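Data block below; observations after.
Just so you know, residue 1 is the first one in the sequence shown, and it goes up from there. Not measured: the values here are computed from a predicted model.
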Amino acid sequence: MELLKLAWGFAQVGIGAFGGGISTLPLIRHILVENYRWLTLDGFNQVLALAQVTPGPIAVNAATFVGFQRAGFTGATVATLSVVGAPLLIVITVSALLKRGPEGSMERFRNALRPTVAALLTLAFLPLARTAFSGILPALLFAAGVGALRIRFFRENPPALFLLFGLAGFA
């Protein structure tokens, strides 16, 4: 039963992971913390940190870790194959259908996905922004950063901008 839950849970992550990377965090958090309660919010943050420092996509690393934690090696295998396999099957099916469709179907499909990816990136950014900008100093630094991006020198010399932000962070 646990293996079926892992397979279905991570298939949902894989299928809903439009945009990849950071844009999938709200979905992964929702499934792991709220739906299945496999992790606490603190545990999710720890898995996220671990997934970011190990090579590979965040969703795959999280699937492997949580699958192993829930059901050992078999659980890790099932979760990892589900997060990769489910979207792969959908992509193969949709691609085959679009190839048989009228000219330009693939381009129209890609264009239709853009708002979805933008919305997912926004959903991923908002919780991070709330945490990062909880005080006045980070908000001022953010405003200064936006202002610095408008200065031609910093737009043409990104290392100088990194140095500026490094000094601001140090301060």
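- The minimum heavy-atom distance between Ala79 and Ala63, with the atom names listed, is CB-O, 3.3 Å.
- For the atom pair OG1 of Thr40 and CD of Gln46, the computed distance is 7.0 Å after rounding to the nearest 0.5 Å.
- Nearest approach of Arg70 to Trp38, heavy atoms of both residues: NE-CD1, 3.2 Å.
- Distance check, rounded to the nearest 0.5 Å: CG of Leu88 to CD1 of Ile92 gives 4.0 Å.
- Each of Val60, Ile58, Ile31, Leu32 was checked for a side chain to side chain contact (heavy atoms under 4.5 Å, CB included) with Val13, and the lone residue meeting it is Ile31.
- For the side chain to side chain contact (heavy atoms under 4.5 Å, CB included) criterion with Val66, the lone passing option out of Ile28, Asn61, Leu39 is Leu39.
- Remark: Phe68 CZ is loosely packed, at most 12 non-hydrogen atoms of other residues, nucleotides or ligands lying under 6.0 Å away.
- With hydrophobic clusters built from ILVMFWY side chains whose heavy atoms lie under 4.5 angstrom apart, Ile15 does not share a cluster with Leu81.
- Residues Tyr36 and Gln12 come closest through the heavy atom pair OH-NE2, 3.9 Å.
- For the pair Ala7 and Ser82, the tightest heavy-atom approach, listed with the atom from each and the gap, is CA-OG, 3.2 Å.
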Derivation and outcome, side chain to side chain contact (heavy atoms under 4.5 Å, CB included), residues Phe44 and Glu34:
CA-CA 11 Å; Phe44 172 75; Glu34 296 168 23; over 6 Å; no

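- When all heavy atoms are compared, the tightest approach of Arg108 to Glu103 is NH1-O, 3.5 Å.
- To the nearest 0.5 angstrom, Leu6 atom CG is 11.0 Å from Thr77 atom OG1.
- The heavy-atom pair separating Ala51 from Ala62 by the smallest distance is CB-N, 4.3 Å.
- In this structure, the side chains of Arg29 and Leu25 stay at 4.5 Å or more apart for every pair of heavy atoms.
- Under the 4.5 Å side-chain contact rule for hydrophobic residues, Val84 and Trp8 share a cluster.
- Residues Val47 and Leu50 are members of one and the same hydrophobic cluster, defined by side-chain heavy-atom contacts under 4.5 angstrom among Ile, Leu, Val, Met, Phe, Trp and Tyr.
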